[in-house]
**Student:** 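Dropping the structure in here first, questions after.
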Amino acid sequence: INPTLARLQATQGVVALRSGQLLKARDHFEDAIDSSHKDADAHHALAVTMWRLRDVRARESLERALEIRIDPESAFLLGQVHTFNKRIDSAIAQVKLALDHLDLWTQPRADRWQVPFLLGRLLARKGQFAQAQQALEQALELDPNPKSHREIYRHLVWVRQKSSGGSAR
């Protein structure tokens, strides 16, 4: 285990990822993990790369990252992976985990609204309209950009109609 080598390999992976060289990035992140198995950031970055490559192993990397350290970005991405795979209950659990730890979010603050927004959409799919409404209202409170605000509001109106027994649109 060599943490210094792992950091170097992970940095090379980030450079490759940012330049769109996904296969090269994947190789660097895998090497970083081989050098230091406990590097949650390398596991997360590998998962992001695999997700972009549409590689199903992204889920495994995210689960490993979350075993090492609770991270809202990893939990949110794992929720997206589960949503893509139509594992809605698992997606809800991961997005709730991300929401519970939203104060640890390191991406731009302007993107945080996406966590309760996805949760609201997932809960609505399960017919849990009151909880979906709460999550969507929380997304609005996180001050999204105007276009996103309209999208959230559109879903919120639909959920309110469903929860009051009215018809959608």
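Sequential numbering from 1 along the given sequence is applied to the chain's residues.
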**Student:** Would you say the side chain of L99 lies within less than 4.5 Å of the side chain of L119, judging by non-hydrogen atoms?
**Tutor:**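 In contact.
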
**Student:** Are side-chain heavy atoms of F129 and Q133 found at a separation under 4.5 Å?
**Tutor:**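 In short, these two side chains do not touch, never coming nearer than 4.5 Å.
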
**Student:** Name all pairs fulfilling the side-chain hydrogen bond (donor to acceptor under 3.5 Å, both in side chains) condition that reach into residues 112-128, sequence neighbours left out, sorted by first residue then second.
**Tutor:**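 Non-adjacent pairs meeting side-chain hydrogen bond (donor to acceptor under 3.5 Å, both in side chains): D89-K126.
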
**Student:** Identify the two heavy atoms, one from G120 and one from A132, that lie closest to each other, and give their separation to 0.1 Å.
**Tutor:**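 So the two residues come closest at O-CB, 3.3 Å.
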
**Student:** How would you list, by chain and number, every residue that makes a side-chain contact (heavy atoms from CB on, under 4.5 Å) with S90, sequence neighbours excluded?
**Tutor:**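 So S90 forms a side-chain contact (heavy atoms from CB on, under 4.5 Å) with H82, R87.
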
**Student:** Any chance you could measure I152, atom CD1, to E141, atom CD, to the nearest 0.5 Å?
**Tutor:**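 Interatomic distance, I152 CD1 to E141 CD, rounded to 0.5 Å: 10.5 Å.
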
**Student:** Nearest heavy-atom pair of S61 and M50: which atoms, and what distance?
**Tutor:**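 Closest approach of S61 to M50, heavy atoms only: OG-SD, 4.0 Å.
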
**Student:** Just checking, any donor-acceptor pair under 3.5 angstrom between side chains of Q134 and Q138?
**Tutor:**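 The criterion, which ignores hydrogens and geometry beyond distance, is not satisfied for Q138 and Q134.
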
**Student:** Is there a donor-acceptor pair under 3.5 Å between the side chain of S163 and the backbone N or O of R160?
**Tutor:**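 It does hold such a pair.
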
**Student:** For G13 versus A25, what's the shortest heavy-atom pair and its separation?
**Tutor:**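 Residues G13 and A25, closest heavy atoms: O-CB, 3.4 Å.
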
**Student:** Residues two or more places apart in sequence or in another chain: which of them pass side-chain contact (heavy atoms from CB on, under 4.5 Å) with E151?
**Tutor:**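 F117, R154, H155.
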
**Student:** Going from CG on L53 to CG on L23, what distance comes out if it is rounded to the nearest 0.5 angstrom?
**Tutor:**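 Atom-to-atom, L53:CG and L23:CG are 5.5 Å apart.
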
**Student:** D31: what forms a salt bridge (charged side-chain N to carboxylate O under 4.0 Å, His left out) with it, not counting sequence neighbours?
**Tutor:**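 Listed in chain order: nothing, the list is empty.
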
**Student:** I'd like to know if the side chain of H43 and the backbone of L66 have a donor-acceptor N/O pair within less than 3.5 Å.
**Tutor:**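 No.
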
**Student:** By side-chain contact (heavy atoms from CB on, under 4.5 Å), which residues pair with E67, not counting sequence neighbours?
**Tutor:**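 side-chain contact (heavy atoms from CB on, under 4.5 Å) check on E67 returns R64.
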
**Student:** Flag yes if L78 and L122 sit in one hydrophobic cluster, no otherwise; membership is Ile, Leu, Val, Met, Phe, Trp, Tyr, and two members link when side-chain heavy atoms are under 4.5 Å apart.
**Tutor:**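 No; tracing contacts between hydrophobic side chains, which count when under 4.5 Å, never links both residues.
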
**Student:** Which residues pass the salt bridge (charged side-chain N to carboxylate O under 4.0 Å, His left out) test with R57, not counting sequence neighbours?
**Tutor:**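 D55.
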
**Student:** Identify whether V81 and L22 are in the same connected component of the hydrophobic contact network (ILVMFWY, side-chain heavy atoms under 4.5 Å).
**Tutor:**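 Linked, V81 and L22 end up in one cluster.
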
**Student:** Under the rule for ring pair (Phe, Tyr, Trp, His ring centres under 6.0 Å), what residues qualify as partners of F84, not counting sequence neighbours?
**Tutor:**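 In terms of ring pair (Phe, Tyr, Trp, His ring centres under 6.0 Å), with neighbours along the sequence ignored, F84 is linked to W51.
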
**Student:** Do W158 and L123 sit in the same hydrophobic cluster, where Ile, Leu, Val, Met, Phe, Trp and Tyr count as joined when their side-chain heavy atoms come under 4.5 Å apart?
**Tutor:**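 Same hydrophobic cluster.
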
**Student:** Hey, are the side chains of W105 and V115 touching, using non-hydrogen atoms and a 4.5 Å cut-off?
**Tutor:**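 Yes, side chains in contact.
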
**Student:** When you measure from the side chain of S164 to the backbone N and O of Q161, does any donor-acceptor pair fall under 3.5 Å?
**Tutor:**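 Pair found, side chain donor or acceptor close to backbone of Q161.
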
**Student:** Which ring-ring contact (aromatic ring centres under 6.0 Å, His included) pairs, counting each pair once, include a residue from residues 12-33, with sequence neighbours left out?
**Tutor:**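 Sorted pair list comes back empty.
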
**Student:** What are the two closest non-hydrogen atoms of S148 and N145, and how far apart are they?
**Tutor:**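 That closest heavy-atom pairing would be N-OD1, 2.7 Å.
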
**Student:** Which atom names give the shortest non-hydrogen contact between P72 and A98, and what distance separates them?
**Tutor:**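 Shortest heavy-atom separation between P72 and A98 comes out as O-CB, 3.4 Å.
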
**Student:** For the atom pair CG (L102) and CG (L97), what is the distance rounded to the nearest 0.5 Å?
**Tutor:**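 One finds 11.0 Å between CG of L102 and CG of L97.
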
**Student:** Would you say L142 and P116 make side-chain contact, with heavy atoms under 4.5 Å?
**Tutor:**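 Heavy-atom side-chain distance check passes, below 4.5 Å.
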
**Student:** Using the rule given for side-chain contact (heavy atoms from CB on, under 4.5 Å), can you reason through L140 versus L136, listing the C-alpha separation, both sets of side-chain angles and the distance that settles it, and then say yes or no?
**Tutor:** CA-CA 6 Å; L140 286 174; L136 292 169; over 6 Å; no

**Student:** For atom CZ of R18, decide whether the heavy atoms of other residues, nucleotides or ligands shown that lie under 6.0 angstrom number more than 12.
**Tutor:**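 12 or below, so no.
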
**Student:** List for me each residue that meets salt bridge (charged side-chain N to carboxylate O under 4.0 Å, His left out) alongside D34, sequence neighbours excluded, and say none if there are none.
**Tutor:**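 In terms of salt bridge (charged side-chain N to carboxylate O under 4.0 Å, His left out), with neighbours along the sequence ignored, D34 is linked to no residue.
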
**Student:** Among all residues two or more places apart in sequence or in another chain, which pass the ring pair (Phe, Tyr, Trp, His ring centres under 6.0 Å) test with H101?
**Tutor:**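 Per chain and number, H101 pairs via ring pair (Phe, Tyr, Trp, His ring centres under 6.0 Å) with no residue.
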
**Student:** Nearest 0.5 angstrom please: Q21 CD to D27 CG, how far?
**Tutor:**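 Taking CD in Q21 and CG in D27, the distance rounds to 11.0 Å.
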
**Student:** Side chains of S35 and Q9: does their closest heavy-atom pair fall under 4.5 Å?
**Tutor:**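 Counting from C-beta outward, S35 and Q9 do come under 4.5 Å.
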
**Student:** According to a 4.5 Å side-chain heavy-atom criterion applied to Ile, Leu, Val, Met, Phe, Trp and Tyr, with indirect links allowed, do F76 and V48 form part of one hydrophobic cluster?
**Tutor:**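 No.
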
**Student:** For the atom pair NE2 (H44) and OG1 (T106), what is the distance rounded to the nearest 0.5 Å?
**Tutor:**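 Interatomic distance, H44 NE2 to T106 OG1, rounded to 0.5 Å: 7.5 Å.
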
**Student:** Shared ILVMFWY cluster between L46 and L62, side chains joined below 4.5 angstrom?
**Tutor:**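 L46 and L62: one cluster.
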
**Student:** What pair of heavy atoms forms the shortest contact from A32 to A10, and how long is it?
**Tutor:**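 The answer is CB-N, 3.8 Å.
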
**Student:** Within the 3.5 Å criterion, strictly below it, is a donor on S36 or D39 matched to an acceptor on the partner's side chain?
**Tutor:**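 Per modelled atom types, S36 and D39 side chains form no pair under 3.5 Å.
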
**Student:** My understanding is that only residues two or more places apart in sequence, or in another chain, count here; which of them pass side-chain contact (heavy atoms from CB on, under 4.5 Å) with A40?
**Tutor:**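 A40: side-chain contact (heavy atoms from CB on, under 4.5 Å) contacts with I68, R69.
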
**Student:** Is any side-chain heavy atom of L77 closer than 4.5 Å to a side-chain heavy atom of E73?
**Tutor:**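 With C-beta onward as the side chain, the pair stays apart.
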
**Student:** Checking T83 now: which residues fulfil side-chain hydrogen bond (donor to acceptor under 3.5 Å, both in side chains) with it, not counting sequence neighbours?
**Tutor:**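 Not a single residue meets the side-chain hydrogen bond (donor to acceptor under 3.5 Å, both in side chains) criterion with T83.
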
**Student:** First locate atom OG of S74, then atom CD of Q94, and finally report the distance between them rounded to the nearest 0.5 Å.
**Tutor:**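 The CD atom of Q94 is 9.5 Å from OG of S74, to the nearest 0.5 Å.
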
